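We name chains A, B, ... by the order of the sequence lines, and we start the count at 1 in each one. Small disclaimer: the values here were computed from a predicted structure and weren't measured.
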Amino acid sequence: MKRLRPFLILAMVVLWLLLNGTVSIGQVVLGLVVSIVIVVVFRDFLPDEPRMRRPATAVALFFRVLYDIVQSNLGVARVILGRRTRNVRSAFVRIPLELRNPHGLAVLAGIVTSTPGTIWAGLAPDGVLTLHVLDVDDEQALIRAIKERYERPLLEIFK
Amino acid sequence: MTAWLHHVTALPIVVPLLSAAVLLFFSEPRRLPRALIALASTLIQAAAAGTLLWMTSHPASGAAPDGILVYSIGSWPAPYGIVLVADRLAAVMLALTAAIALPVVVYSFAQWDRLGVYYHPLFQLLLMGVNGAFLTGDLFNLFVFFEILLAASYGLLMHGGGTARVTSSLHYIAVNLAASLIFLIGVAVIYGAAGTLNLADLAAHWDEASPQDRRLLDGGLAVLAVAFLIKGGIWPLNFWLPTAYSAAAAPVVAVFSILTKVGVYSIVRVGFMVDPSKPVLYGGSLLFAAAIATMAVGSLGALAARHPPRLIAFSVIVSAGTVLAALALGSASTLAPALFYLVISAPATAAAFLVAGMAARMQMHSVTAVLDRDGAEATYTAFDVGEPARSSASMDDDEVGFIIPAGVAFLGLAFLSCGLLVAGLPPLAGFLAKVSLIVAALGSLGVVQHPAHVWVLVVALLGASLAALLAFLRIGVRLFWTARETTRPRVRMLEAVPVAFLVLVGIGLTVMAGPVMTYLTAAARALHQPDAYIHAVLATSKPVQP
Amino acid sequence: MELIFAIAIGLLTGSGVWLLLRPRTFQVILGLSLLSYAVNLFIFGVGHLAVGKPPIIRADGATNASLYADPVPEALVLTAIVIGFATTALFLVVLLASRGLTGTDHVDGREHDA
Amino acid sequence: MKALFDFAVMFAQVCFLLASVGATIRLLRGPRAEDRVLALDAMYINGMLILLTLGIRSGTTFYFEISLLIALFGFVGSTALAKFLMRGEVIEP
Amino acid sequence: MTSGDLPGWALVAAALLLLASGALTLIAAIGMLRLPTFFQRMHAPSMSMTLGAGCALIASMIVSSALAHRPVLHELAITVLLFVTAPISATMLMQAAIRRRERAAASQPTGTSAGSR
Amino acid sequence: MLLWLIVLFPFVGGVCTAFLRPNARNAEAWLAGIVALATLCAVALLYPQVANGVIVRSSLEWLPQAGVRIALRMDGFAWMFAGLVTSIGALVVLYARYYMSPADPVPRFFSFLLAFMGSMLGIVLSGNLIQLVVFWEMTSLTSFVLIGYWYHRAESRRGAIVALSVTGTGGLCLLAGVLLLGHIVGSYELDAVLAAADRIHAHPWYPAALVLLLLGAFTKSAQVPFQFWLPQAMAAPTPVSAYLHSAAMVKAGVFLLARLWPALAGTDLWFGIVCSVGMGSLVLGACAALFQRDIKGVLAYSTVSHLGLMTLLLGMDSPLALVAAIFHMLNHATFKASLFMAAGIVDHETGTRDLARLGGLARAMPITATLALVAAAAMAGVPLLNGFLSKEMFFAETIFAGETPALRIGLPALATLAGVFSVAYSTRFFHRVFLGPPARDLPREPHEPTHWMLAPSLILVVICLLVGIMPAQTIGPVLSLATHAILGSRQPAYSLSAWPGFHAPLAMSAIALVGGFTLYAFLLSRRVLARLALRAVGAARRHWFDRLTLRLVRTFDRLQRLVISRRLQIQLLIIVIACSVVGYLTLNNSIARFSAPSITVLELSFALLWIVGGACALGTALQAKFHRLAALIMFGGAGLVTFLTFAWFSAPDLALTQISVEVVTMVLMLLGLRWLPKRIDTMDPGRRTTRARARRLRDAIVATLAGAGMALLSYTLLVHPGAPSPLSEFFLAQALPASGGRNVVNVTLVDFRGFDTLGEITVVAIVALTVYKVLRRFRPPPESLPGTARDAAQTMISPATLRRLVLPAAGVISLYVLLRGHNAPGGGFVGGLILATAFIVQYLVTGTLWVESRLRIRPQYWMAVGLLAAASTGCGAWLGSRAFLTNMSAHIDLPLVGDVHLSSTLLFDVGVYLVVIGATTLILVSLAHQSLRGRRAPEAEPVAGIRVRA
Ligand code: NA
Ligand code: NA
């Protein structure tokens with residue numbers, strides 16, 4: 001075993017326990033065994049271990065995302081049920097990102113995908129993120145919102 | 001002692017499976033261990049088949065009361081779990097399979113197994129499927145074994161590659177997939193109406209079924225019969241057969257000669273089990289007509305065939321039709337001769353395929369005649385050395401053994417013997433089978449429902465013999481009497497000995513016709529009185545362990 | 001419920017048979033797959049339709065057959081699905097090989113002139 | 001209360017099914033392949049939701065594993081289809 | 001052990017969540033039909049995948065927890081799985097659509113439309 | 001014992017000869033000669049017994065169930081024939097020793113000659129009719145090989161084929177006749193048959209049996225209209241002709257007629273058929289013999305004619321005629337064999353048998369000429385030679401046989417005419433070969449052969465003379481013995497003397513002699529006429545059989561293509577129709593009546609579900625030709641609905657399996673789709689033809705009917721009333737207590753019906769191996785290879801972290817599903833598929849090279865280990881003396897973890913898991929590797945699918 005992967009193994013044990021729906025010692029042991037086996041077998045396929053800080057920021061981000069999911073759902077529902085689906089101003093929006101941490105980018109992708117109305121359309125090697133946005137009122141405002149609401153906390157968490 | 005002997009019943013299934021799995025650990029260049037494993041596995045199967053043959057023919061020994069051996073897989077009692085049942089018929093079929101498989105395995109060591117990868121594992125798994133189909137006493141398990149043998153046959157059919165093989169296997173697979181679906185429909189209908197999958201259990205409750213259920217059961221069986229008939233190569237469900245069989249590599253198609261027999265066996269097994277008085281409830285006259293048409297079409301195809309494998313493939317069709325026609329006649333006395341014919345024709349066609357494989361190579365060397373452009377190409381690619389063994393340096397011809405000087409004479413005689421056996425001509429056993437079949441048919445004139453069927457059958461039997469005679473004559477002369485003596489074709493011991501073995505099996509059956517027929521008559525009688533089978537299967541229920 | 005179920009099987013069968021009789025390999029493989037769906041549902045239906053009664057023994061250990069769907073057809077269908085999957089995969093590969101060798105995707109390995 | 005709950009389960013189920021019908025229409029109409037892929041993806045999600053309602057209605061947890069797997073396999077299918085559309089083949093060297 | 005034995009709060013909460021989930025999913029389906037371009041349509045199903053699924057999952061959690069008299073958090077596993085996998089497939093599909101449009105534009109002069117629809 | 005030796009000697013000798021060194025003419029000839037002589041001695045030793053009227057018998061059971069046994073039976077007639085066969089055989093062996101060239105592979109020759117002798121003796125000594133048929137066909141076979149001895153010559157091959165075709169067919173007719181006869185009599189024993197004449201004659205099958213038996217006899221004896229094979233058989237080496245085609249094989253037919261004469265003769269049918277065929281052969285054979293150019297052709301047609309004579313005699317239903325027939329059998333054998341030997345000597349010494357080229361050989365080969373002269377004279381019926389005597393008896397019989405005026409005049413007249421021809425061709429034969437101006441330009445310089453080669457002919461000629469001069473003293477006892485064996489009490493009084501006195505037959509002989517010389521002289525003077533006749537006969541004969549065969553084969557081929565279609569669609573259509581018809585015929589009465597459906601919300605939702613499913617299925621059907629991807633996606637939709645249906649109706653395990661299989665199948669098909677040819681929906685003309693439309697309409701109807709039928713059947717079974725099956729009750733009751741699992745389906749799969757599952761994973765493994773096997777030889781179609789590298793992936797599509805989370809997550813889920821299977825939905829199969837798909841996702845999002853540079857997967861080992869695990873779980877039960885696959889379980893108390901229920905079923909399920917992972921990966925990766933290969937240069941190596949970086 002070249003590298004111990006405590007985060008990954010922890011995540012996997014948690015997943016194991018979630019799946020089994022118990023936290024008995026037997027299951028914890030079994031989960032550990034399973035996770036270690038997987039880590040050993042697939043060692044070259046696994047993500048690098050993240051280095052995370054600022055759990056409070058993370059929690060705040062989590063709830064912000066939850067809120068945004070609800071909001072954007074309602075927004076999209078409005079667009080769909082509105083009378084003017086033909087005139088929706090959809091566009092590709094390019095956002096130059098400072099975030100380079102792969103874990104941070106992964107979380108950002110999850111967030112963007114989870115909030116309807118925006119879709120991750122690709123990330124160029126120079127860090128420019130392309131999003132497809134269902135209804136753009138103000139492109140700059142959107143870019144700002146993404147950078148402010150998501151990128152900055154992520155930059156803080158994954159340094 | 002007998003308790004241990006009991007497990008022999010499972011060996012014909014378990015041994016090939018284990019050996020196939022072990023074979024996967026040996027890479028292609030390691031030929032010797034692979035060959036040894038394959039050979040050992042086949043030998044064990046042969047020994048097991050022999051033991052079962054002995055046990056079923058000696059009921060007094062106590063190993064198999066009434067000549068029936070029941071083995072409950074997983075120790076689950078009969079109607080619930082899956083049982084293997086080795087009765088006389090199953091034992092004969094197992095022995096037949098082993099008698100064909102053993103020489104074919106040896107034959108394939110002569111470079112045939114190097115035409116592609118995984119030959120031996122697939123071969124063993126094919127044997128597993130065939131043996132399982134003969135042994136199982138469960139309808140759905142029969143489906144599973146059918147699938148095993150079919151899946152393995154797909155792989156073997158394409159062994160060696162080439163356009164002819166691939167396109168014909170496309171047809172073969174498509175047809176067999178359809179047949180498998182039909183099989184499943186039949187099984188489902190039967191389960192829906194009878195609530196059981198065990199053959200003996202099904203038969204035991206056959207008469208208790210309500211009229212509506214009975215109709216459903218009849219329907220289920222009829223649908224099942226269509227699936228069996230497809231696999232048995234009965235016209236008009238057999239269009240795939242000639243192309244596939246004439247395209248496959250020689251040892252592969254040799255062992256395929258047992259495959260159509262599996263279809264026929266299933267018809268016999270299931271049909272007689274549920275209703276021995278009307279064994280071919282699958283439609284009496286309709287089935288008879290199909291069987292006769294099969295013989296006619298097969299003979300026609302044999303007469304028109306231009307290449308030996310195609311001729312033999314049509315002979316396989318004719319022999320399937322022959323057996324089925326005898327069954328569909330609806331007379332109790334024709335069953336044993338039909339079985340006798342089945343037992344004879346399988347090794348004969350197998351040997352003929354092997355000879356054709358050797359002769360095709362002979363043709364390659366001689367300049368005078370290349371009968372089969374496609375086949376020749378196949379053979380050429382077959383021995384194309386760019387195959388798995390290319391890396392291994394030992395590809396010399398000499399490695400395989402002595403060269404028989406009178407190679408052509410040997411091949412010619414072997415081909416002649418096969419032709420005689422298949423055509424049912426004197427002096428070999430095929431003739432005896434046909435004679436006893438006709439004698440039995442004439443003898444049942446007063447018994448059968450349609451006396452005209454007897455006459456049709458007699459004419460068809462003799463006509464098929466005539467067609468086979470003429471067809472084998474034509475092809476044989478083209479094959480063996482056009483090669484120049486000067487080319488000195490080389491016949492390898494590794495190929496010749498298996499062929500000789502199979503021919504000797506045919507001759508042995510000729511000499512031992514009386515005892516063999518006695519055994520088969522007992523098998524036929526058991527089929528006509530399935531009570532013993534039913535009782536044996538349902539009585540083995542042991543108390544379930546808690 | 002039974003009627004809809006039966007019609008469903010009929011629809012799958014009809015579509016499957018239609019495709020089975022088409023001349024292109026891809027049509028045939030889809031036809032066979034649809035047919036195997038139909039047959040799987042058919043076997044499944046033999047055990048009678050039961051909603052909310054999976055054949056998994058309850059915590060109270062009751063084994064009354066009326067509490068559970070028939071496990072036998074389920075087990076049979078499971079085996080049938082797996083075998084069907086495997087053979088479909090094989091057919092796919094063979095049709096590709098045939099296409100590669102013959103240059104056409106006709107089931108007979110050559111185009112027939114109509 | 002029970003009536004409301006039952007109605008809600010039924011309502012949700014019918015909604016999910018209607019949503020599937022909608023997706024099917026998109027699936028059949030296209031017009032382009034990506035639309036169909038999207039429709040199938042939506043059908044998978046709807047299928048998962050239907051399963052959840054089945055589970056809620058029967059009060060068993062056995063549907064959970066299936067929901068989990070449909071999420072997983074729906075992803076695999078959509079990804080493969082998308083990859084095929086994008087590159088013309090699913091697995092590249 | 002049926003839903004009839006559930007406490008009232010659970011019934012109400014689950015019912016409301018299910019109603020919301022059903023409505024959202026239906027709206028998403030309508031969106032898939034109504035929205036005029038593919039890129040727009042892509043946004044619709046993500047509704048059912050996020051809030052629609054979320055509501056249903058929470059409802060399911062509530063019900064099974066109430067039935068088992070202990071927290072049953074199974075469904076979180078599904079949520080996690082969706083969070084990890086959804087971006088991958090969505091991005092790929094998006095990219096595919098973009099590429100196909102580019103390719104179609106490039107081959108426009110020759111006339112034929114793409115073979116597979 | 002001696003009887004057995006008579007039959008066995010030749011066969012054993014034949015086998016021994018076959019193994020001798022080639023080209024050792026002496027050794028083979030000695031061996032063969034000794035065998036023949038020994039057999040002859042054995043026959044001779046039996047004479048005392050036979051002469052006393054004893055029928056020597058011995059038998060061996062062969063297939064008693066069908067009344068088949070080897071019954072050897074020697075009476076006087078059989079003795080006479082056995083003597084004939086063995087003595088001429090011995091002479092032919094001697095002759096052949098000198099005839100065959102040193103270059104010929106003689107072991108084969110002598111071996112088959114002896115085998116033929118054995119077969120012939122088998123016929124002669126048959127006491128069982130089936131046995132007779134066996135040896136009968138064996139003579140056909142050995143004669144086939146002997147005729148084709150010089151098989152590099154086309155005419156030899158042709159002659160052999162024709163001979164076997166005709167005689168083999170006849171043999172089958174004979175078999176049919178014998179079977180009918182045996183059924184009439186109730187036994188195949190010759191004695192029983194001979195004793196049952198009245199019963200046979202009265203039986204309604206008599207005509208059929210008779211005709212079939214006669215067909216057998218006539219083909220063998222080359223009677224009109226089956227005479228044509230005999231002249232073609234002259235391509236055989238001359239010793240063969242001398243033996244088979246004069247003395248032995250062709251005599252089998254008349255032998256059979258004589259043998260069964262007591263049982264079959266005596267009816268109008270017999271008289272009509274046998275006499276007319278005999279007379280036809282007699283006259284036509286004699287006439288044709290006159291126009292042959294080949295010496296052996298003359299002799300062959302003369303044989304036809306003489307056999308016709310015997311047939312005619314046998315047909316006459318008079319004991320005296322029978323005596324004459326048997327007498328002529330002997331006589332003909334001697335003079336004809338001698339003539340063949342002479343012809344062979346001529347051929348051997350001059351290198352040709354062409355009458356047009358030969359001439360004047362009497363000067364170069366006086367002894368041969370003398371011998372040939374005597375033999376030819378015997379053939380012509382010159383007094384004081386044996387041929388004369390039997391011919392006299394024949395002429396006498398023709399006079400007395402006729403009952404109607406036409407016959408009274410016609411028979412003798414035709415007989416005399418045949419006699420005229422006979423004299424003419426005998427004269428021609430001798431004249432053209434030995435007299436006249438000496439031939440020039442012969443291939444070889446003619447001279448007298450070695451004395452040993454002349455000896456056999458000499459012996460035969462001496463016999464001709466002896467019999468001709470003092471018949472009563474020489475042949476008398478034997479003839480009496482032979483005829484008595486057949487006729488018994490009906491044996492007539494007859495006298496044998498060299499000079500029968502002046503009476504009508506003698507007049508006929510005289511007319512024949514004079515007429516024959518005159519005819520030949522006339523033909524000589526009109527050479528043009530003779531040439532014309534020669535040409536006519538030659539043209540008629542040339543290769544007509546070949547042409548017929550060819551035409552027949554072509555017809556068969558056309559017919560065969562008609563009844564065995566090579567089109568898959570036709571075959572599948574027939575299968576569908578067969579299934580539907582069979583289903584309809586058996587099930588149409590049991591279809592359940594519809595009850596009005598109750599419309600509930602639940603029903604409605606299920607209906608909605610299947611609106612989706614049905615639309616997807618129909619969409620798949622309609623789109624599969626031109627929009628494959630669309631069809632595939634719709635197919636996915638149908639699969640999804642099927643999955644939901646399983647879940648809906650309480651089958652979580654099924655649903656799991658269905659969805660995983662469904663997705664893997666879709667990925668597979670996507671992998672394959674790339675290699676299919678582009679198809680663009682242009683309205684190609686083929687689609688619009690009426691025929692194509694009719695075909696589509698037909699298929700649509702069939703599909704609709706099949707669908708409707710299936711729906712009806714399903715409905716019937718769905719509403720089929722019935723208690724739960726005992727199986728399910730048992731499984732439900734036993735799952736937890738006996739197998740320790742709550743998930744009854746899983747317990748069924750790994751325990752109750754674990755054998756099925758073992759088979760199922762075997763199928764999966766086989767398929768994977770096959771896929772690999774096929775694909776490593778796969779040649780991608782050239783046009784489907786990418787010409788240039790496509791647009792490279794410039795953009796990073798999705799974050800790597802997410803991609804890399806899939807595998808561990810799926811791994812955990814996979815193991816969870818595996819371990820939970822016994823108690824909850826899941827199990828080895830689904831677990832394996834999850835891991836395999838997760839693996840494929842890695843390939844999919846990163847590419848082959850990336851994955852394989854990081855991991856050596858050896859799927860075949862996974863499969864092997866899995867199969868071994870599953871199978872050895874089964875075998876493990878043997879250690880506990882339990883049946884294969886018996887569940888063995890134990891509870892183990894582990895620290896921390898607590899009580900663990902360990903069961904062999906878990907190991908079994910792990911086996912399933914491993915096999916599924918290995919197989920699925922192998923299949924998917926083999927397919928994926930095709931792209932890798934497609935990009936390489938065509939000549940680059942046959943890529944081994946997964947042979948990844950060692
Ligand atoms: Na989004
Ligand atoms: Na399971």
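Rounding to the nearest 0.5 angstrom, the gap separating the CE atom in B:Met128 from the CG atom in F:Leu758 is 5.0 Å. The structure places OG1 of B:Thr136 at 8.0 Å from CG of F:Asp756, a figure rounded to the nearest 0.5 Å. From F:Arg558, atom CZ reaches atom CG of B:Leu300 across 12.0 Å, with rounding to the nearest 0.5 Å. Summarising the geometry, atom SG belonging to F:Cys579 is positioned 9.5 Å from atom CG belonging to B:Leu237; distances are rounded to the nearest 0.5 Å. Taking CG of F:Asp751 as the start and CD1 of B:Ile73 as the end, the distance is 12.0 Å to the nearest 0.5 Å.
For the options F:Cys173, F:Ala870, F:Ala864, heavy-atom pairs under 4.5 Å to chain B are most numerous at F:Ala864. Counting heavy-atom pairs closer than 4.5 Å to chain F, the top residue among B:Val458, B:Val223, B:Val189 is B:Val189. Counting heavy-atom pairs closer than 4.5 Å to chain F, the top-ranked of the candidates B:Leu156, B:Leu445, B:Asn238, B:Leu437 is B:Asn238. Most heavy-atom pairs under 4.5 Å with chain F, from the set B:Leu462, B:Asp138, B:Leu84, B:Leu442: that is B:Leu442. Among the candidates F:Val145, F:Leu164, F:Leu867, the residue making the largest number of heavy-atom pairs closer than 4.5 Å to chain B is F:Leu164. Put simply, of F:Ala765, F:Ser565, F:Ser728, the one with the most heavy-atom pairs under 4.5 Å next to chain B is F:Ser565. Contact count against chain F (heavy-atom pairs under 4.5 Å) is highest for B:Leu473 among B:Leu197, B:Val459, B:Leu23, B:Leu473. When each of B:Leu470, B:Leu122, B:Val22 is checked for heavy-atom pairs under 4.5 Å with chain F, B:Leu122 comes out on top. For chain F, the option among B:Val14, B:Leu18, B:Ile438, B:Thr243 with the highest count of heavy-atom pairs below 4.5 Å is B:Val14.
Of the two parts of F:Phe731, only the side chain, counted from C-beta on, holds a non-hydrogen atom closer than 4.5 Å to a non-hydrogen atom of chain B. Neither the backbone nor the side chain of F:Leu552 comes within contact range of chain B, judged by heavy atoms closer than 4.5 Å. Looking at F:Val178, neither its backbone nor its side chain comes within 4.5 Å of chain B, counting heavy atoms on both sides. With a 4.5 Å cut-off on non-hydrogen atoms, F:Pro726 touches chain B through its backbone and its side chain both. With a 4.5 angstrom heavy-atom cutoff, F:Leu179 touches chain B via backbone and side-chain atoms both. For F:Leu572, the part sitting under 4.5 Å from any heavy atom of chain B is the side chain, from C-beta outward, and nothing else. F:Tyr188 touches chain B through its side chain: at least one heavy atom from C-beta onward sits under 4.5 Å away, while N, CA, C and O do not. With a 4.5 angstrom heavy-atom cutoff, B:Leu416 touches chain F only via side-chain atoms. Residue B:Leu216 touches chain F through both its backbone and its side chain, counting heavy-atom pairs closer than 4.5 Å. Only the side chain of F:Thr549 comes within contact range of chain B, with heavy atoms under 4.5 Å apart. For F:Val764, no part lies near chain B; criterion is any non-hydrogen pair under 4.5 Å. The contact between B:Leu466 and chain F is made by backbone and side chain atoms together, counting heavy-atom distances below 4.5 Å. Heavy-atom distances place the side chain of B:Ala10, and not its backbone, under 4.5 Å from chain F. For F:Thr748, no part lies under 4.5 angstrom from a heavy atom of chain B. When heavy atoms are compared at a cutoff of 4.5 Å, F:Val68 approaches chain B solely by way of its side chain, counted from C-beta outward. Interface remark: F:Ala160 contributes side-chain atoms only to the contact with chain B (heavy atom separation under 4.5 Å). Within the 4.5 angstrom heavy-atom criterion, atoms from both the backbone and the side chain of F:Ala176 approach chain B. Only the side chain of F:Trp205 comes within less than 4.5 Å of a heavy atom in chain B; its backbone stays farther off.
In this structure, F:Met710 and B:Ile185 have side chains that are in contact, with non-hydrogen atoms separated by less than 4.5 Å. Using a 4.5 Å cut-off on side-chain heavy atoms (C-beta onward), F:Leu769 and B:Leu24 make contact. The side-chain heavy atoms of B:Leu241 and F:Ile564, taken from C-beta on, include no pair separated by under 4.5 Å. Looking only at side-chain heavy atoms (C-beta outward), B:Val477 and F:Phe144 come within less than 4.5 Å of each other. Contact check for B:Leu303 versus F:Gln560: no side-chain heavy atoms found under the 4.5 Å cut-off. Using a 4.5 Å heavy-atom cutoff, the side chains of B:Glu147 and F:Ile766 are not in contact. Here the side chains of B:Leu425 and F:Leu172 are in contact, with some heavy-atom distance below 4.5 Å. At a threshold of 4.5 Å between non-hydrogen side-chain atoms, the residues B:Val144 and F:Thr757 do not count as touching.
Closest approach of F:Trp62 and B:Pro427 over heavy atoms only: CH2-O, 3.7 Å. Counting all heavy atoms, side chain and backbone alike, B:Gly74 lies closest to F:Ala883 at N-CB, 4.3 Å. Smallest separation of non-hydrogen atoms from B:Val117 and F:Lys773: O-NZ, 2.6 Å. Nearest heavy-atom pair, F:Ile574 versus B:Pro236, reported as atom, atom and distance to 0.1 Å: CG2-O, 3.5 Å. Between B:His7 and F:Arg882, the shortest heavy-atom contact is CE1-O, 3.2 Å. Nearest heavy atom pair, residue F:Leu568 against residue B:Ala174, reads CD2-CB, 3.8 Å.
Aromatic pair F:Trp878/B:Tyr71: ring centres not closer than 6.0 Å. Residues F:Phe755 and B:Phe145 place their aromatic rings such that the two centres sit under 6.0 Å apart.
In this structure, F:Arg566 has no salt bridge (Lys or Arg N to Asp or Glu O under 4.0 Å) partners at least two apart in sequence or on a different chain.
The aromatic rings of F:Tyr861 and B:Phe25 are tilted relative to each other, their planes meeting at an angle between 30° and 60°. Between F:Phe730 and B:Tyr80, the two ring planes are parallel [angle under 30°; tilted spans 30° to 60°].
Using a distance-only test at 3.5 Å, with no hydrogens or angles considered, a donor-acceptor pair links the side chain of F:Gln571 to the main chain of B:Phe239. Side chain of B:Trp235 to backbone of F:Val563: a donor-acceptor contact under 3.5 angstrom is found.
Atom CH2 of F:Trp862 has 12 or fewer neighbouring heavy atoms from other residues, nucleotides or ligands inside a 6.0 Å radius.
Partner F:Ile575 forms a side-chain contact (heavy atoms from CB on, under 4.5 Å) with one of B:Leu181, B:Leu229, B:Ile182 and no other, that one being B:Ile182.
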